[in-house]
Every structure is written in C-alpha cells, then in structure tokens.
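All of these numbers come straight from a predicted model, not from anything done at the bench.
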Amino acid sequence: MHVLKPPTPLPATLPGPAVFLAGSIEQGRAEDWQAAVTARLADLAVTVLNPRRDAWNPDWVQSIDNPLFREQVEWELDALDRADVIALYLAPSTKAPISLLELGLHAAGGKVVVCCPAGYWRRGNVEIVAARFGLPFVETLDALIDAVRQRLDR
C-alpha cells in the first residue's frame, strides 16, 4: 500500500489502483475516518490518496491568490481525477460543502462510492444523486470499506 497526502506531489504513475478518500474533514472538526479506512485497506496493493493534510492551517486565506491554499485544492482535484475509486464519507456532524462539490463533479463518472449515514443534513439530496447515477450508497464506514474492496476486485 502507498499513501499520499498533500503537499506530496502525485507521481506520474500511481502504483496499483488508486482510492481517493473524499468526505468530511471540516478543518479537523471531523473524526479522522480516513485513518480508519486506510488501516482497513492496508492489505491491498493500492495507492490511497488522502487529502487530510497533516500541516493544515485553518487561518489560510481561501483564495486562488494564496499559493498554499491553491496547492491543496489543485492536489485534490488532480487526485480525484486520477483515482480509480472515490470513497465519499459524509459525517452526520458536518456540513462538508467541498465534499458535496466533489460528488457533483464526479457522480457521472461512476467511480464514487457514497457513505451517508442518517442524520447528515443533506442526506436526501445525496441519496437522489447516488440513485440518479447508479452509485453504491451505504450507511456505515464498514459498508463503505466493503464497497471499495468490491470495486477494486473488478
């Protein structure tokens, strides 16, 4: 297994299939669900693309003119495009607006697996998008991990 996080540049070729961990972070307010998913995929020959930056600064100005912020966003966009599977987790205690944006960008591509537990503030919208595009829709992290593994076995 290989794990890549920003700001580490993405190599020209990713070893094995790549899984992007999209979903709730909210500047560190969400649990580190990415670590749990990564640990549960550790036996696979995959590259995990984890956008949860270790040195994130919540005071960064969120502007195209801020090179650190722009680097983060572009890393995420590039990693999403290069992923074979996008594992999307929407924690009920978060809003995750960027994750909703990522769902919108990639729903039609068919590589998103959605985990949206009861209590997420826009669960109905997420359910409808998943149904419209035929995306797997699960309610627990365990089920998300199982669905990712199924996608990788194809």
Side-chain angles (χ1 to χ4, degrees), residues 1-8 10 14 16-60 62 69 72-154:
M1 166 183 276
H2 300 277
V3 178
L4 297 173
K5 292 175 138 185
T8 302
L10 298 174
L14 297 174
V19 178
F20 184 90
L21 303 181
S24 300
I25 295 176
E26 302 222 358
Q27 298 182 354
R29 287 190 297 263
E31 67 177 297
D32 190 358
W33 63 271
Q34 295 91 344
V37 172
T38 299
R40 295 270 309 278
L41 298 177
D43 62 309
L44 301 177
V46 299
T47 297
V48 172
L49 303 168
N50 183 351
R52 189 182 281 258
R53 188 183 192 116
D54 293 329
W56 176 257
N57 182 342
D59 296 326
W60 283 345
Q62 294 191 15
F69 178 73
Q72 175 74 27
V73 173
E74 289 183 347
W75 187 97
E76 291 180 27
L77 291 170
D78 290 342
L80 282 158
D81 285 344
R82 295 183 59 195
D84 298 292
V85 178
I86 298 171
L88 173 65
Y89 174 67
L90 298 165
S93 63
T94 67
K95 300 274 187 201
I98 302 308
S99 301
L100 293 175
L101 173 67
E102 292 167 347
L103 174 60
L105 286 171
H106 291 278
K111 60 184 178 179
V112 182
V113 177
V114 179
C115 179
C116 188
Y120 181 71
W121 76 300
R122 290 292 183 246
R123 179 183 158 103
N125 295 82
V126 174
E127 281 182 296
I128 293 167
V129 169
R132 164 79 49 106
F133 292 100
L135 304 175
F137 185 93
V138 300
E139 299 192 29
T140 67
L141 276 177
D142 286 341
L144 177 64
I145 293 163
D146 290 344
V148 168
R149 284 177 168 277
Q150 288 174 0
R151 280 288 173 100
L152 292 170
D153 284 343
R154 288 183 178 180

Q: Write down the atom of K5, the atom of D54, and the distance for their closest heavy-atom approach.
A: NZ-OD1, 2.7 Å
Q | Reported CD-to-CG distance for the pair E102 and L80, which is rounded to 0.5 angstrom | A | 5.0 Å
Q) Of the non-hydrogen atoms in R151 and G110, which two are nearest, and what is the gap between them? A) NH1-O, 2.8 Å
Q) From Q150 CD over to D153 CG, what is the distance, rounded to the nearest 0.5 angstrom? A) 8.0 Å
Q) Is the closest side-chain heavy-atom distance between W75 and L49 below 4.5 Å? A) yes
Q. Among all residues two or more places apart in sequence or in another chain, which pass the side-chain contact (heavy atoms from CB on, under 4.5 Å) test with V138?
A. C115, A143, L144
Q: Measure the CZ-CD1 distance between F137 and I128 for me, rounded to the nearest 0.5 Å.
A: 10.0 Å
Q) Nearest heavy-atom pair of H106 and K111: which atoms, and what distance? A) ND1-CE, 4.0 Å
Q. Any side-chain heavy atom of I25 within less than 4.5 Å of one from T94?
A. no
Q.
Using every non-hydrogen atom in the two residues, find where Q72 and W56 come nearest and quote the distance to one decimal.
A. CG-CZ3, 3.8 Å
Q) How many angstroms lie between CG in L41 and CG in L152, if you round to the nearest 0.5 Å? A) 7.0 Å
Q.
Pair L103, I86 - check side-chain contact (heavy atoms from CB on, under 4.5 Å), show working.
A. CA-CA 9 Å; L103 174 60; I86 298 171; over 6 Å; no
(Q) Among L105, L88, V126, exactly one meets side-chain contact (heavy atoms from CB on, under 4.5 Å) together with L100. Which residue is that? (A) V126
Q. Would you say L90 and R122 make side-chain contact, with heavy atoms under 4.5 Å?
A. no
(Q) Closer than 3.5 angstrom, by distance alone: can the side chain of Y120 be matched with the main-chain N or O of K95 as a donor-acceptor pair? (A) yes
(Q) Using every non-hydrogen atom in the two residues, find where P117 and Y89 come nearest and quote the distance to one decimal. (A) CG-CE1, 3.9 Å
Q) For the atom pair CG (L10) and OG1 (T47), what is the distance rounded to the nearest 0.5 Å? A) 9.5 Å
Q) Would you call R40 and D142 a salt bridge, using N to O less than 4.0 angstrom? A) yes
Q.
One pair to check against side-chain contact (heavy atoms from CB on, under 4.5 Å): V85 and V46. What are the steps and the verdict?
A. CA-CA 11 Å; V85 178; V46 299; over 6 Å; no
Q. E26 versus P58: any side-chain heavy-atom pair under 4.5 Å?
A. no
Q | Salt-bridge present (R53, E76; N to O < 4.0 Å) | A | no
Q.
Show, in sequence, the C-alpha distance, side-chain angles and deciding distance for R149 and D43, and conclude whether the side-chain contact (heavy atoms from CB on, under 4.5 Å) test is met.
A. CA-CA 11 Å; R149 284 177 168 277; D43 62 309; 2.4 Å; yes
Q. Are the side chain of W33 and the backbone N or O of S24 linked by a donor-acceptor pair below 3.5 Å?
A. yes
Q: Please report the shortest heavy-atom distance between F20 and A83, naming the atom on each side.
A: CB-CB, 3.7 Å
**Q.** Check: G23 main-chain N/O paired with S99 side-chain donor or acceptor under 3.5 Å
**A.** yes
